[in-house]
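Protein chains get the first letters and strands the later ones, always in sequence-line order, with residue 1 at the start of each.
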Amino acid sequence: LVAWTIMITAFADTDDADGAQEFFDRMPQRDFVCWNAMAAARTHSGQMQLAKMLFDKMPERDVVSWTLLVVGNAEKGLVELAEAAFSRMPLRSVVSWNVMVQAYAQNGYLETARFTFDSMPMRTNISWNLLVAAYADAGQVQQARFLFDAVPDKDPVAWATMVAGYAQNGYLEEAQEVFEVIPQKTVVAWSSLIAAFAHAAKVESARRVFDLLPGRNLYTWNSMLSAYSQNGYGTQAVELFRQMVQEGGTMPDPIAFMSLLTACNHVGLVELSWEQFVSMRNDFGIDPRQGHYRCMIDVLARSGRLVEAEELMATMPFAPD
RNA sequence: GUGUACUGAUUCUCCAC
């Protein structure tokens, strides 16, 4: 039973809810944990109607089942339904409360989120961290900082969240100040610092941070790549991309290619753009998404190659916008 | 004592200016 549930979760982690369902259907017997795992798989792939069906069919529902219902509705923007599920729950764990705070915050009800946070019977680090992040996402950096200062035992996520909050809102100095005093600097904090410099157009500094940080990963490569591309350093971006693949042994993702194409675009390197665009699928097996097409069409059109631009637009597997 | 729910970093989009 445990092994089956692990399989279901593994499929869910790769966004394959149907694969999870196949396992679920073949299970000799089921307990509420595997029902929940299956409901979570549907919930996280956005299939709320199926998730709700599972919820209704469950022989028994525990706090996890109910919390999943809150999450699912919240992610679909259905705050009232999330709220209804939350109030109908027979029992609420701290996770349920966290989820409800998040539900309000992510749907624009920051005040209600705060009120709910204040009424929580107990809090974890996650409760604090998610609200700090919510304030920062809403551009309320001072509020974020104020709450951050009140966090009792700041974990590495809290610190990274605050640096990221400053970075995203263009507060370079504050981001640096917080970063300096972080007890355990995670790679997330490092990459946020790169972003902070990048948004302030301090590309050299961003690069210095990139060279200093321990443990490069896809995010740090991408952060540096976008630092170059957003500031018009086309050739550096291309070179960094090459290093990422060849020396870093990192598999680029669609985001890396967005930065790369944007970088080529800024420099007007049409041929190079096209090369990368083709290479995406041929060498890396990544199907270009709408953003990649848009970027590529833009490069072509700007350089006067209107026929090719039109052709690409006509053959792309998306509706033109 | 094992399996299921919640938080942080990179591009674009959206929104605002």
Side-chain angles (χ1 to χ4, degrees), chain A residues 1-10 12 20 24 30-41 43-44 51 62-72 74-75 89 92-103 105-106 108 123-134 136-139 148 151 155-165 167-168 175 186-196 198-199 206 210 213 217-227 229-230 237 252-263 289-295 298 321:
Chain A
L1 205 52
V2 173
W4 286 89
T5 308
I6 292 171
M7 286 305 300
I8 291 173
T9 308
F24 182 77
R30 305 186 185 108
D31 62 2
F32 63 88
V33 175
C34 74
W35 277 96
N36 287 340
M38 191 58 233
T43 300
H44 289 127
D62 68 353
V63 62
V64 174
S65 331
W66 281 97
T67 304
L68 277 165
L69 197 57
V70 180
V71 173
E75 281 175 359
M89 296 177 69
R92 290 171 201 96
S93 70
V94 64
V95 175
S96 321
W97 282 92
N98 288 344
V99 164
M100 197 61 232
V101 173
Q102 180 83 306
Q106 286 189 331
R123 298 185 190 96
T124 59
N125 277 314
I126 292 181
S127 326
W128 292 91
N129 297 345
L130 72 84
L131 197 56
V132 171
D137 283 345
F148 173 77
V151 179
D155 66 2
V157 174
W159 289 100
T161 301
M162 198 61 241
V163 176
Q168 286 155 358
T186 60
V187 65
V188 178
W190 282 98
S191 56
S192 297
L193 190 62
I194 295 177
H199 292 147
F210 178 76
L213 69 84
N217 65 17
L218 182 60
Y219 280 94
T220 60
W221 284 104
N222 281 352
S223 299
M224 194 59 229
L225 207 49
S226 98
S229 106
Q230 287 179 331
D253 68 349
I255 292 180
F257 278 102
M258 272 304 301
S259 298
L260 185 60
L261 290 175
T262 305
R289 296 179 186 176
Q290 201 161 5
H292 301 106
Y293 277 96
R294 191 183 297 124
C295 195
D298 197 51
D321 54 3

Problem - Per Ala37(A) side chain, nearest of listed nucleotides U4(B), G3(B), C6(B) - result: U4(B)

Practice task
With the side chain of Leu68(A) defined as its heavy atoms from C-beta on, choose the nearest nucleotide among A5(B), G8(B), G3(B).
Solution key: A5(B)

Practice task
Measure from CH2 on Trp4(A) to C1' on U4(B) and round the result to the nearest Å.
Solution key: 17 Å

Who pairs with [X] by side-chain hydrogen bond (donor to acceptor under 3.5 Å, both in side chains), at least two apart in sequence or on another chain?
| X | answer |
| --- | --- |
| Ser93(A) | Ser96(A) |
| Thr186(A) | none |
| Asn129(A) | Asp155(A) |

Mind checking if [X] touches a base, just sugar-phosphate, or nothing, with heavy atoms under 4.0 Å?
| X | answer |
| --- | --- |
| Thr161(A) | sugar-phosphate |
| Asp31(A) | base |
| Val33(A) | base |

Problem - B/S/- contact track for nucleotides 9-17 of chain B, protein heavy atom under 4.0 Å - result: BBBSS----

Problem - Arg294(A): salt bridge (Lys or Arg N to Asp or Glu O under 4.0 Å) partners, not counting sequence neighbours - result: Asp321(A)

Fill in the blank from the handout: By salt bridge (Lys or Arg N to Asp or Glu O under 4.0 Å), Asp298(A) pairs with (sequence neighbours left out) Arg302(A)

Problem - Side-chain heavy-atom pair Leu225(A), Asn222(A) within 4.5 angstrom cut-off - result: yes

